[in-house]
> 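Dropping a structure here in C-alpha cells format, bear with me for questions.
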Amino acid sequence: MRLSQLFTKTSKTIPADETARNAQLLIQAGFIYKVMAGVYAYAPLGLRVVENIKQIVREEMNTINGQELVMTNLQPREPWETTGRWDDKAVDVWFKTRLKDGGELGLAWSHEEAVIEMMKQYLSSYKDLPVSVYQFQTKLRNELRAKSGIMRGREFVMKDMYSLSTDVTQHDDYYDSVIEAYKKVYERLGIGKDTYVTFAAGGAFTKFSHEFQTVCEAGEDVIYLHRGKNIAINEEVLDEESLSQLGVKREELESVKSSEVGNIFNFGTDKSKKMNFSFTNEAGEKQFVHLGSYGLGITRVMGVIAEKFADEKGLVWPEAVAPAKVYLARLGSSPEVVKQADELYQRLTAAQVAVIYDDRDTRAGEKFADADLLGIPYRVVISDKTAMNDSYELKGRQADTPHQSTIDDLLKTLGITD
RNA sequence: CGGGGAGUGGCGCAGUUUGGUAGCGCGCGCGGUUUGGGACCGCGAGGUCGCAGGUUCAAAUCCUGUCUCCCCGACCA
C-alpha cells in the first residue's frame with residue numbers, strides 16, 4: 001500500500017468528542033471513522049486489523065470443526081416469540097422495524113434463535129451431530145448508552161459460534177475444546193497472558209458460565225484474580241458459595257478492571273424444547289438438541305489491543321494483527337533512493353509481507369511520527385545515506401534507536417527466507 | 001432513563017459573563033526557500049456560530065424548545 005494513495009489522513013490532534021483512548025487513537029490514525037455514538041466505520045487500515053483478527057479466529061474455529069456461515073441481520077419475529085425473547089421487556093437492546101406490508105422484523109442483536117431455526121431444517125438424526133457453526137456478523141444493539149469507543153458500540157462485529165450436541169457429554173467435550181481454542185486465539189492476538197478464563201453468572205443449567213476477560217483499565221468489568229491458581233472470578237458471582245466451590249479465599253484475590261472479550265454459554269436443551277428442535281437417537285426416540293453459544297467480540301478485541309499496547313507516540317500493534325508488518329519510509333526522491341525503496345517494496349510485497357510504503361513528498365519527521373502513530377511493528381528507512389551504502393535502516397516500533405543492516409539481515413529479521 | 005459537560009471553516013480552539021453581523025493554530029491551494037523527528041516566508045480559499053422559534057434597531061452572545069456528542073450512574077440476558 002502506497003501511502004500517497006491512501007485516502008485517510010492522520011491528524012495532529014485527537015478528536016474532541018472522544019475520551020476513550022482506543023477511539024482517540026484509531027480516529028487520529030485514520031483506522032476508523034465515527035458515524036454516530038457507538039457506530040464506527042472501518043477505513044482501510046482499520047479493516048485490515050479487523051480482517052487479521054477474524055482470520056486468526058477463523059483458523060482456530062476451523063480447527064475445532066466449526067463450519068463458517070453467515071446469518072442475516074433481518075430477523076423474523078416468530079422464532080424469538082417461541083423463546084420469550086421478542087418482548088422489549090425481556091430483551092431491551094432490540095432494534096425493530098417493519099416491512100412495507102406491515103410485518104414486524106427485528107435487527108439482529110444475537111443469532112441463537114435464528115441459528116436453531118435454520119439448523120432445524122438440516123439436522124434430524126444423532127448421526128448428524130455434533131455440529132458447530134459460526135459466523136462473523138455485525139450485531140446491532142440498541143444500547144441505552146454507547147461508550148468506550150469501539151469497545152461498547154451499537155453496531156459491532158462479533159464472531160458467534162453455536163454447537164449442537166446430542167447429550168451432555170458430547171456438549172461438554174465440545175465446550176472444553178472451545179475454551180482451549182479461545183485460549184489459542186487470545187495467545188495469537190498477543191493478549192494471552194492478560195486474558196483469563198473467568199467464572200461468571202451462568203444461567204439455568206450451570207452454576208457458572210465462562211467469560212474471557214482481558215485485564216484492561218478501560219474495561220467495564222471487575223474481576224478477582226488468583227494469580228497463583230490462575231483463577232478469575234467475575235465480581236457478579238463473588239460470594240461465599242462460589243469461593244468455597246472454587247477453593248479460594250477472598251483475601252487471596254486481587255481485584256482488576258477487565259474487558260469481556262469472549263463469553264461461552266451452555267443453553268442445555270432449554271431453547272431446543274421451546275423451539276422444538278429435536279433429533280432421533282439410535283433407539284428411534286425423539287431427543288432435544290443441546291445448545292452451546294460462544295461469542296468473541298472482534299471489534300472489541302481490537303479496541304482492547306489498541307488500549308493495552310499504545311504508548312505516548314500512538315498505536316502499537318502486535319505483529320499478528322498489525323495492518324502491515326513494515327512501514328517503509330522513503331526520505332527524499334533522488335533516483336537512487338526511489339530505486340532502492342521501490343525495489344524493497346516490491347520484494348517484500350512479493351514475499352507476502354504487508355508493507356505501508358510512505359512514498360509521500362513529506363519531511364522525515366512527519367513520516368516517523370506517522371509510522372509511530374500507525375503502530376506498525378517495523379520501520380525501514382531508505383535515504384541517500386542507505387542508498388549510498390547499500391544498507392537498510394531498521395527500527396522496531398518501540399526501539400529507541402535504529403540500526404543499519406544489510407539486505408540479508410533485513411529479510412531475515414522480517415522472517416523472509418528465500 | 002437520572003445527573004453533569006459540550007456543539008463556532010476539514011481538525012483543535014478563543015470569542016458568549018458586559019448583544020454591535022467572526023478570530024487563532026493546524027490542515028488545504030499557489031509561489032519561493034528548505035529537507036533525518038510533524039520546516040519557514042509570502043499570497044489565497046474556506047464558516048455566519050447544531051437546528052427552530054422568540055426578544056431587540058442589532059443575536060455566536062439573551063430567552064424558549066429541540067437535536068446531537070462526551071462523562072458518571074442505571075442497564076449489559
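Just so we're on the same page: letters track the sequence lines, and every chain starts at 1.
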> Please determine whether a side-chain nitrogen of the Lys or Arg among A:Glu252 and A:Lys229 lies less than 4.0 Å from a carboxylate oxygen of the Asp or Glu.
no

> Return the pairing partner of B:G9 with a 3.5 Å limit on both distances, Watson-Crick or G-U wobble; otherwise return none.
none

> Distance check: side-chain N/O of A:Lys34 vs OP1/OP2 of B:C70, anything under 4.0 Å?
yes

> Among the candidates B:C75, B:C11, B:G27, find the nucleotide nearest to the side-chain atoms of A:Arg152.
B:C75

> Determine, for A:Trp86 and A:Lys96, whether the Lys NZ or Arg CZ falls below 6.0 Å from the six-membered ring centre while staying within 45 degrees of the axis.
yes

> Please determine, for B:C51, whether a Watson-Crick or G-U wobble partner exists with both distances under 3.5 Å, and give it or none.
B:G65

> Tell me whether the NZ or CZ atom of A:Lys159 lies within the 45° cone about the ring axis of A:Phe136 and under 6.0 Å from its centre.
no

> Let me know the distance between CZ of A:Phe156 and C1' of B:C76, rounded to the nearest Å.
10 Å

> Just N and O in the side chain of A:Arg363: are any of them under 4.0 Å from OP1 or OP2 of B:G38?
no

> Just how far, in rounded Å, is P of B:G38 from CZ of A:Phe368?
10 Å

> A:Arg379 near the nucleic acid: base, sugar-phosphate alone, or nothing, with a heavy-atom cut-off under 4.0 Å?
base

> How long is the line joining OH of A:Tyr33 and C1' of B:C11, in whole Å?
13 Å

> Determine the contact category for A:Ser148: base if any of its heavy atoms lies under 4.0 Å from a base atom, sugar-phosphate if only primed atoms, P, OP1 or OP2 are that close, otherwise nothing.
sugar-phosphate

> Does OP1 or OP2 of B:C71 have a side-chain N or O of A:Thr19 closer than 4.0 Å?
yes

> Whole-Å distance between B:C72 C1' and A:Lys147 NZ?
8 Å

> Mind checking the P distance from B:U8 to B:A45? Whole angstroms is fine.
23 Å

> Between B:C69, B:G38, B:A77, which one does the side chain of A:Trp109 approach most closely?
B:A77

> Of the options B:C76, B:C70, B:G38, whose atoms approach the side-chain atoms of A:Ala37 most closely?
B:C70

> Students often get this wrong, so: under 4.0 angstrom with heavy atoms, is A:Ala16 touching a base, only sugar-phosphate, or nothing?
sugar-phosphate

> Round to the nearest Å and state the distance from A:Arg21 atom CZ to B:C71 atom C1'.
18 Å

> Who is the Watson-Crick or G-U wobble partner of B:G73, with both distances under 3.5 Å?
B:C1

> Only pairs with both distances under 3.5 Å count, Watson-Crick or wobble alike; so what is the partner of B:U17 in this structure?
none

> Is a salt bridge present between A:Asp400 and A:Lys395, judged by a nitrogen-to-oxygen distance below 4.0 Å?
no

> B:C72, OP1 or OP2 - any side-chain N/O from A:Arg145 closer than 4.0 Å?
yes

> Starting at atom CD of A:Glu312, determine the distance to atom C1' of B:G37, rounded to an integer number of angstrom.
14 Å

> Taking any strand in view, what nucleotide pairs with B:U33 in a Watson-Crick or G-U wobble way, both distances under 3.5 Å?
B:A39

> Distance between the C1' atoms of B:G9 and B:C49, in whole angstroms?
10 Å

> Please state the C1' separation for the pair B:C69 and B:C51 - nearest whole angstrom.
15 Å

> Kindly state whether the ring of A:Phe277 and the ring of A:Phe288 have centres lying under 6.0 angstrom apart.
no

> Should the side chain of A:Asp372 and the base of B:G37 be counted as holding a donor-acceptor pair, with the cut-off at 3.5 Å?
yes

> In terms of relative ring orientation, are A:Trp94 and A:Trp109 parallel, tilted or perpendicular, with 30° and 60° separating the classes?
perpendicular

> Taking only side-chain nitrogens and oxygens of A:Lys12, does any of them come within less than 4.0 Å of OP1 or OP2 of B:G27?
yes

